[in-house]
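Okay, structure first, notes after.
What you are looking at is a predicted structure, and each value in this text was computed from that prediction instead of being measured. Here is how names work: the chains are called A, B, and so on, in the same order as the sequence lines, proteins then strands, and each is numbered from 1.
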2 protein chains.
Amino acid sequence: MCANFRRASRALAQLYDDALRPLGIRATQFTILQVLSRAGEVSQGALGRMLSMDSTTLTRTLEIMDRHGWIAKQEGKDRRERRIRLAKAGEVQLQRGVSRWEKVQAQLRRQLGDERWDNLLKLTSEVTNVATQ
Amino acid sequence: MCANFRRASRALAQLYDDALRPLGIRATQFTILQVLSRAGEVSQGALGRMLSMDSTTLTRTLEIMDRHGWIAKQEGKDRRERRIRLAKAGEVQLQRGVSRWEKVQAQLRRQLGDERWDNLLKLTSEVTNVATQ
DNA sequence: CTAAACAAGATGCATATACATCTATCGTTT
DNA sequence: AAACGATAGATGTATATGCATCTTGTTTAG
């Protein structure tokens, strides 16, 4: 199951990365923009939990995104925390990428069919939930 | 969908990596041992296609596995090719890991239920096929 | 209130991953 | 056979990823 997921992830990532390459952003980073857009300002740890991603992995990825000016970091009330939010350039990047992102999704969805698509969205979430217990 | 798959992959990988950590091998590498065990001797490129993994990614991973003596590389009739096969130490490692690997799978399968499990195996394969067209 | 326990990230390190580019080799065409 | 285009990997570079460990704050036990 692990191998299956990783294989599919690699294959999918290439599709999405191809679509975003002209914008100079990777699928992982774009996902973070999307999450921040919905979640507003969150701590690095909270963001990690949303993505099931180690907080220390985010240290490096957010560093890159910060260099591009896509996000802003800010000290929290608890001064150990880094509060992260979308910056202007990040919103712009998000807007520019959405159509490409959705084009890939639409194509994929057409090829899989709505039923499998919906099933997959549900099942992959359930796997994540089970695996992170 | 891409984000969902990556999230699930990260979560799953940790489960499998945890189980294999005492053996000093990663899930990705263990998967390669399993594939080689079934496939026998294959070229690096063929192995990459089986895993939907870039052949140049394998250059580094196989290098690591070679250091451990788990695989053997050999020149092909076509001298551009690297023929890869399981080495003795790789078979041993595979045998030592199988029970741990299967324990994780059994636990996961129990938590998901057979129906979702089977569905997932089928659907993730189909996604890979669609995405690598 | 202080010392110990704990939590949030940063850093060092190793692996995973792919693309662009380069080299060696192969097959084909003339 | 020489030249040309195609293929298999190797290498440089950048990002993705997590663990162990360290630092810096915060919380809690006494």
Under a 4.0 Å threshold between the charged nitrogen and the carboxylate oxygen, would B:D118 count as salt-bridged to B:R109?
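Counted as a salt bridge, because a side-chain N and a carboxylate O are separated by less than 4.0 Å.
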
Contact state string [nucleotides 14-19 of chain C, B base, S sugar-phosphate only, - no protein heavy atom under 4.0 Å]
-SSBBB

Does the side chain of B:R7 pick up a donor-acceptor pair with the side chain of B:N4 at under 3.5 Å?
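There is such a pair (donor and acceptor under 3.5 Å, judged by atom type) between the side chains of B:R7 and B:N4.
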
Going by distance alone, is a donor N or O of one side chain under 3.5 Å from an acceptor N or O of the other, for A:R82 and A:S43?
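Checked: A:R82/A:S43 side chains show no N/O donor-acceptor pair below 3.5 Å.
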
Specify the residue among B:D78 and A:T59 whose closest nucleotide of DNA chain C lies further upstream toward the 5′ end.
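So the residue in question is A:T59.
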
Can you work out whether B:R79 or A:G45 has the more 5'-proximal nearest nucleotide on DNA chain C?
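Nearest-nucleotide comparison on DNA chain C picks A:G45.
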
On a plain distance test, is the side chain of A:R80 in donor-acceptor contact with the base of C:dA7 below 3.5 Å?
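For A:R80, whose side chain was compared with the base of C:dA7, there is a donor-acceptor pair (under 3.5 Å).
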
Taking any atom closer than 4.0 angstrom to a non-hydrogen atom of chain A, what span of DNA chain D does the protein reach, first nucleotide to last?
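Listed 5' to 3', the contact boundaries are D:dT15 to D:dT26.
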
Count the heavy atoms of every other residue, nucleotide or ligand shown that sit under 6.0 Å from NZ of A:K73, and state whether that count exceeds 12.
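Count over threshold, so yes.
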
Tell me whether the count of non-hydrogen atoms from other residues, nucleotides or ligands lying under 6.0 Å of CD in B:E115 goes above 12.
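No, the 6.0 Å shell around CD holds no more than 12 heavy atoms from other groups.
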
Side chain to side chain donor-acceptor pair (under 3.5 Å) partner of B:Y16, chosen from B:Q105, B:R26, B:R21
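Among the candidates, only B:Q105 passes.
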
Check the pair A:E81, A:R83 against salt bridge (charged side-chain N to carboxylate O under 4.0 Å, His left out), reporting the backbone distance first and the verdict last.
CA-CA 6 Å; A:E81 279 189 357; A:R83 310 285 300 177; 3.5 Å; yes

Round to a whole Å and report the spacing from [atom1] of [X] to [atom2] of [N].
X	N	atom1	atom2	answer
A:I84	C:dA10	CD1	C1'	13 Å
A:L58	C:dG9	CG	C1'	11 Å
A:R49	C:dA7	CZ	P	11 Å

Any pair with a residue in residues 23-50 of chain B that passes ring pair (Phe, Tyr, Trp, His ring centres under 6.0 Å), sequence neighbours left out, goes on the list, sorted by first then second residue, please.
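Sorted pair list: B:F30-B:W101.
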
